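Remarks on the structure that follows.
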Amino acid sequence: MNSLLENLTEPQRAAVTHRDGPLLILAGPGSGKTRVVTQRIAYLLGQGVAASQVLALTFTNKAAAEMRARVEQLVEGRQVWLSTFHRFGARILRDYSDYVGLSPNFTIYDSSDAKQTLRRVIEAENVKVMHYTPERIAAAISSAKNRLVTPAEYQPRPGRPLSQIVGEVYPLYQKRLLASSAVDFDDLLLHVAQLLYKHPEIRADLDSRYRYILVDEYQDTNRAQYVILRAMSKDYPNLAVTGDPDQSIYRWRGADIKNILEFEADYPAVHVVRLEQNYRSTKRILRVADELISHNVQRKQKALHTENDEGEPVRLTVYPDQDSEAAGIALEIQSAINKQGCSPSDFAIFYRMNALSRSLEKALREAGVPFQMVRGQEFYQRKEIKDVLAYCQLVNNPLDDIAFERTVNTPARGIGKKTLQRLGEYAYRLGLPLLGAARQAAQIESLPKRAAVQLARFVEIIDRISAVAHRDVEEVVGTVLEESGYRKSLAESESEEDQNRLANIEELLTDARQFDEQEHDSDIEGGQLEAYLERTWLVNDIDDWESNTEKVTLMTLHAAKGLEFPVVFMIALEQGVLPHERSSSDPDQLEEERRLTFVGITRAQHQLQLSYAVRRDYRGQRRLTIPSPFLLEMPRGEMEQVQLATKSFPESIEEDSMEEFGDDFFETEIDQRHPSELESEALAAGVNAKPPAQKPVANSAITTAAALAVGQEQPLESGLAEPAVSPDLLTQGMAVVHPDHGLGKIVALSGAGKNRRATVRFVTAGQKRFVIAHSPLRLASK
DNA sequence: GCCTGGGAAATTTTT
DNA sequence: TTTCCCAGGC
């Protein structure tokens, strides 16, 4: 046990060994916070606390997985409950579902299901929504739920049309969810919070069941989470929270930074530990981060320091456009791997929005650098996967109308809009779920005989699946595929797209089998299927991000929180991107964007490059950019600027041709300045600008390599391909070249003339669909 | 009832 | 640029 504490600093040890009473760990980035939390768990167990009395809550699945692995290392085989808040909420709700009006086998709707439900409600009740989209309304409802405002409590504000609509829709929406025995993500917290304050005996029970609660990223908790934690720490106030106000980046989801700023007021007996020594980054990186974040007003003063090396200057690189930004980074990584023996996993590239990753993917692929992208909700969100899972969902919860609607005519079995409308009316009148109504199809007068028969057949399918619902998930899924005819309909299809779907479905079977093998000790009463479904709803991907794989990591700044990498690239530090344009009006939101930037910077251990592009194409539009104001808030003395610009810069924005890549595309000096470059110029002047020739060797070598390669790329490509052809001349099986994806083969064609589309399978980039007339596809020459 | 094509709208971050 | 929705034709 003592060895457990040996390598800890004094404050770390204090946090680990604090036994009873509230504990606030203010942990700066890279201060060993996760280590402290996991060791604390081990310490408590070592002190004789039962594993079942410890509850550790995180915000994301990634963090939970990471922590679980570390705890497992420290105390093998001791099962502490460690999960995300939402998953915890789901488990609690299973036990107490009837208290909140749910059945124990309730469904969890993801945002698109929730949106769909909202649509149905608006439609059915004929609510006037004016110009407000379902998304806007959903966001407003979500925000109310996060603030713990129930439908009954919601007060529309006069003069706020959106709130008037929400006041009308929110209760209907909630009623609909309950009727389907479904919850949305927010309900997982809202219901639990209500349960706790409405039922003192349940509160007391849970409070004593979880005597030691640890919370990670406490700065990101919202009102509902706050109330849940308070309720469970009354009789046993052994609540240990860790967090860093400077890393609060989920305000938009209702996170209330006050929760952590006022923790000491909430728990007067609190013991506060500050972890301010950073073990991750170089002094220079840390100073840049520290100086930037000091521009925030809403924060707790913190003295970050490190005993690490001074390190290299933080680099600020200006690229002419996003493609050279991507190519430059890709080549730099490539050369570091080849020449310096770095591993691809040493590198990470962060961006503000997923939409910014495209150029990077392309550039890395072309450079032959392996990478992994962390994108939320990949696999389980695919249409075919959701279709198949919807059958399982309906079998698991027959009240689930969304699942019914999704499955009833997928694959097509002749049950159309009219039939569904009539069925819906009947169900609504009698207060039945759609599946229940379908069981009575023969008695619905408005339904033609044929439609009634089809519905009855569908009900039979569901019943046949239900018959095996208690078996292993793989068998359930397999039965769905057979009985529903889903597999057959895909297998019969000629299109490559459907073949792909088929492959995905096979993957789902594999996933189900793995689940059966690994999670067989599940203690959920509803059995395997329910446990599996819960995972598909709350875990965003089958294979989450892997830290020990030999790949470069691409992710959003939000996803990067809690991670660290030797070398970090942050792209698009541009006004409107970082900070995001939707945050510019509100000072609070601007502070959050600054924190987001802070989070990104502090992920870097040894090297950090910030970059922006002078012009950037975004949703089809070319824009000249303005450098992020955050760059001006960073200490210039710690930074060095690299400017890659072009002589032959297009004079007008309309000019959409990029063909003038020449040998002199990259210049080390700016000869002819584009108006927008004046901005970057001004910035450059302050930032220790050095002529590239005098830069450190490593940098200049890389820069030159990047410049050369990018400069040559274009002629190389065009040399390989023929000029564009008329769309109708393309036939299946033809070899084509795409500037982004390289060589591919046409596997399917549809439409004609300028609407003719081609599905192309690329050698390296997988399968893509194009409108030929608008695509840069060329015939490959022999 | 089903499918296709055309047009319009919407684009942050995650459970 | 992509995605979603709807109308119209088969």
Side-chain angles (χ1 to χ4, degrees), chain A residues 57-64 83-90 108-112 114-116 119 131 133-136 139 142 145-146 183-190 217 220-222 224-225 248-255 350-358 374-377 380-381 383 409-421 448 450-451 454 534-541 555-561 572 576-583 589 592-593 595-596 599-600 617-622 750-757 768-771 774-775:
Chain A
L57 294 173
T58 66
F59 209 67
T60 64
N61 289 303
K62 204 161 44 180
S83 80
T84 63
F85 267 103
H86 287 83
R87 214 160 186 190
F88 172 74
I108 301 169
Y109 283 169
D110 67 18
S111 355
S112 70
K115 204 174 74 190
Q116 204 57 243
R119 279 220 176 84
H131 61 281
T133 62
E135 285 84 1
R136 284 288 297 282
S142 172
K145 287 186 173 181
N146 285 325
V183 298
D184 60 24
F185 285 137
D186 303 314
D187 283 340
L188 290 173
L189 305 175
L190 177 70
E217 310 283 13
D220 286 328
T221 50
N222 60 28
Q225 288 159 327
S248 166
I249 54 176
Y250 286 101
R251 209 183 86 103
W252 54 277
R253 264 187 60 190
F350 303 150
Y351 32 82
R352 179 64 178 82
M353 308 170 275
N354 279 121
L356 293 171
S357 70
R358 189 150 308 160
V374 176
R375 236 186 335 199
Q377 317 161 328
Y380 295 125
Q381 290 294 104
K383 181 189 178 301
N409 200 35
T410 319
R413 43 177 82 91
I415 301 173
K417 229 195 318 202
K418 259 267 136 54
T419 305
L420 285 179
Q421 201 184 330
R450 204 182 113 81
Q454 305 283 33
E534 183 181 295
R535 189 173 80 143
T536 67
W537 295 324
L538 295 178
V539 176
N540 37 22
D541 219 329
M555 55 169 73
T556 64
L557 287 163
H558 282 87
K561 193 168 66 161
V577 178
L578 186 65
H580 194 271
E581 57 188 339
R582 301 259 268 249
S583 66
Q589 283 191 43
E592 174 140 320
E593 296 287 312
R595 291 194 290 269
L596 197 51
V599 166
D617 294 342
Y618 186 51
R619 42 190 224 221
Q621 298 246 296
R622 171 156 302 170
S750 65
K754 67 179 197 300
N755 293 316
R756 193 159 171 81
R757 291 156 200 267
K768 311 264 178 213
R769 228 167 149 232
F770 302 95
V771 178
H774 303 297
S775 79

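Note on naming: letters A, B, ... go to the chains in the order of the sequence lines (proteins, then strands), and numbering restarts at 1 for each one. Because the structure is predicted, anything quoted here is derived from the model rather than measured.
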Round to a whole Å and report the spacing from [atom1] of [X] to [atom2] of [N].
| X | N | atom1 | atom2 | value |
| --- | --- | --- | --- | --- |
| K561(A) | dT15(B) | NZ | P | 11 Å |
| Q225(A) | dT14(B) | CD | P | 16 Å |
| M555(A) | dT14(B) | CE | C1' | 14 Å |
| K115(A) | dT15(B) | NZ | P | 18 Å |
| L596(A) | dT14(B) | CG | P | 10 Å |
| Y109(A) | dT15(B) | OH | C1' | 17 Å |
| L188(A) | dT14(B) | CG | C1' | 13 Å |
| N146(A) | dT15(B) | CG | P | 14 Å |

Atom pairs under 3.5 Å: protein N/O with N/O of nucleotides 10-12 of chain B:
unit_1, atom_1, unit_2, atom_2, d
dT11(B), O4, R619(A), NE, 2.9
dT12(B), O2, R352(A), NH1, 2.8
dT12(B), O2, R352(A), NH2, 2.2

Please check the phosphate of [N] (OP1 and OP2 only) for any side-chain N or O of [X] closer than 4.0 Å.
| X | N | result |
| --- | --- | --- |
| R119(A) | dC5(C) | yes |
| R358(A) | dT2(C) | yes |
| N409(A) | dC2(B) | yes |

Tell me which nucleotide among dT14(B), dT15(B), dG1(B) gets nearest to the side chain of T556(A). dT14(B)

R119(A) to P134(A) - nearest heavy-atom pair and separation: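 Looking at all heavy atoms of both residues, the closest pair is NE-CG, 3.8 Å.
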
If you compare all heavy atoms of D617(A) against all heavy atoms of R622(A), which two are closest, and at what distance to 0.1 Å?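 Residues D617(A) and R622(A), closest heavy atoms: OD1-NE, 2.9 Å.
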
Hey, does R136(A) reach any base, or is it just sugar-phosphate, or nothing, if we go heavy atoms under 4.0 Å?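 Contact class for R136(A): none.
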
For F59(A), which contact category applies under a 4.0 Å heavy-atom criterion: base, sugar-phosphate, or nothing?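 Sugar-phosphate, backbone atoms only, no base.
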
Would you say the base of dT15(B) and the side-chain of R87(A) have a donor-acceptor pair closer than 3.5 Å?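 By the distance-only test, no, there is no pair.
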
Rounding to the closest angstrom, what is the interatomic distance between dT13(B) and dC4(C) at atom P? 14 Å

